[in-house]
Amino acid sequence: MIISANFKSFKNREETRIYLEKLNNLIKNMNSFEITVFPPATALQNKIGSISIGSQNIFPARNGAFTGEICLEQLEEFDIKNVLIGHSERREILNENIEYIAKKFDFAIKNNLKITFCVGESREIRENDETLDFLKSQFNGIDFNYKNLIIAYEPIWAIGSGLTPTMAQIEETLHFLKNYTGKKIIYGGSVKLSNIEDILKLPSCDGVLVGGASLDVNNFAEIIKIAEKI
Ligand code: 13P
């Protein structure tokens, strides 16, 4: 089971440090889980207890003249081996296209990073019943043979909206993605205490990527505790 938290651009370094210490204490005796926290770039730090730290982004270079970007060298300082690639907020707000995303993917593979690769459709695509074809198109240039790859299915319209697809819709899409990619599939999009159990019980679900509901450490620890009982 994979439980990840994406802080997006919330929390500073000190808040993140305090959060991680507290989370580490709250979940001390739960070792059966793969827990990763993706804080903002300025709050990256080393692994704490069993909690891995991941980067929300990576520019495909070791270092260089790439103003404002985060490269491999900055991740190595904290021994970070986990990266998010293709998050819808980067695709939509930062205009990352498929070719650029594929470059990041290749770079991450060459450097043996663990990749959580995000895909997800807009409401319009869902309503037009084009979801599965659209998701396939988001994998252009992505090599499913890479061992250290997890797919995160995050429907854009469910992110931060409080809305989630029905459990049947989530299962249908996760199931499709599992067959299509052969990889572990996690779900993201308004995951919270009230729906975590139903989501994690879906047969094709290997875990979750939690945004807003991970920001409160007690809340996120509760989510992990519920997950542990499943
Ligand atoms: P929310 O849980 O806030 O909907 O965010 C999901 C997400 O984008 C995680 O990457």
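Each residue takes its place number in the sequence, starting with 1. These values consider heavy atoms only, across backbone and side chains, with no hydrogens, waters or symmetry-generated copies. Atoms within a ligand are numbered from 1 in the order they appear, just like the ligands themselves.
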Inset, instruction - Mark up the atoms of ligand 1 that fall under 4.0 Å of a heavy atom belonging to L209, in ascending order. - result: 9 (C), 10 (O)

Legend entry - Nearest atoms (heavy-atom pairs only) where T131 meets Y153: CG2-OH, 4.5 Å

Inset, instruction - Say whether G188, considering both its backbone and side-chain N or O atoms, lies within less than 3.5 Å of an N or O atom on ligand 1. - result: no

Legend entry - Residue K8 vicinity, atoms of ligand 1 by number, heavy atom under 4.0 Å: 5 (O), 6 (C), 7 (C), 8 (O)

Legend entry - Closest protein heavy atom (residue, atom, distance) for atom 2 (O) of ligand 1: G211 N, 2.9 Å

Inset, instruction - Could you pull out the closest heavy-atom pair between P39 and T16, with the gap in Å? - result: CB-CG2, 3.8 Å

Legend entry - Subset of ligand 1 atoms that lie under 4.0 Å from at least one heavy atom of G160: 1 (P), 3 (O), 4 (O)

Legend entry - For atom 7 (C) of ligand 1, closest protein heavy-atom neighbour: E154 OE2, 3.1 Å

Inset, instruction - Would you please determine whether A213 falls within less than 4.0 Å of ligand 1 on a heavy-atom basis? - result: no

Legend entry - Proximity of K192 to ligand 1 by residue part, where a heavy atom lies under 4.0 Å: neither

Inset, instruction - Could you tell me whether some N/O pair between G189 and ligand 1 is separated by less than 3.5 angstrom? - result: no

Legend entry - Distance filter under 4.0 Å to A158 heavy atoms, resulting ligand 1 atoms: 4 (O)

Legend entry - salt_bridge(K225, E228) N-O dist < 4.0 Å: no

Inset, instruction - Indicate whether any N or O donor in one side chain lies under 3.5 Å from an N or O acceptor in the other, for N219 and K192. - result: no

Legend entry - Least distance between heavy atoms, C71 atom then F66 atom: SG-CD1, 4.0 Å

Legend entry - Per-atom contacts of ligand 1 with G212, taking only distances under 4.0 Å to non-hydrogen atoms: 1 (P), 2 (O), 3 (O)

Legend entry - Atoms in ligand 1 with a heavy atom of H87 nearer than 4.0 Å: 7 (C), 8 (O), 9 (C), 10 (O)

Legend entry - Heavy-atom closest contact (T36 atom, G54 atom, distance): CG2-N, 3.9 Å

Inset, instruction - Specify side chain, backbone, both or neither for N6, according to which of its non-hydrogen atoms lie closer than 4.0 Å to ligand 1. - result: side chain

Inset, instruction - Output yes when the distance from some N or O of ligand 1 to some N or O of S161 is under 3.5 Å, and no in every other case. - result: no

Inset, instruction - Give a yes/no verdict on a cation-pi contact between K11 and F7, requiring under 6.0 Å between NZ or CZ and the six-membered ring centre and an angle within 45° of the axis. - result: yes

Legend entry - Residue pair T173 / R126, side-chain donor-acceptor N/O under 3.5 Å: yes

Inset, instruction - Answer yes or no: are there more than 12 heavy-atom neighbours, outside E124 itself, under 6.0 Å from its atom CD? - result: no

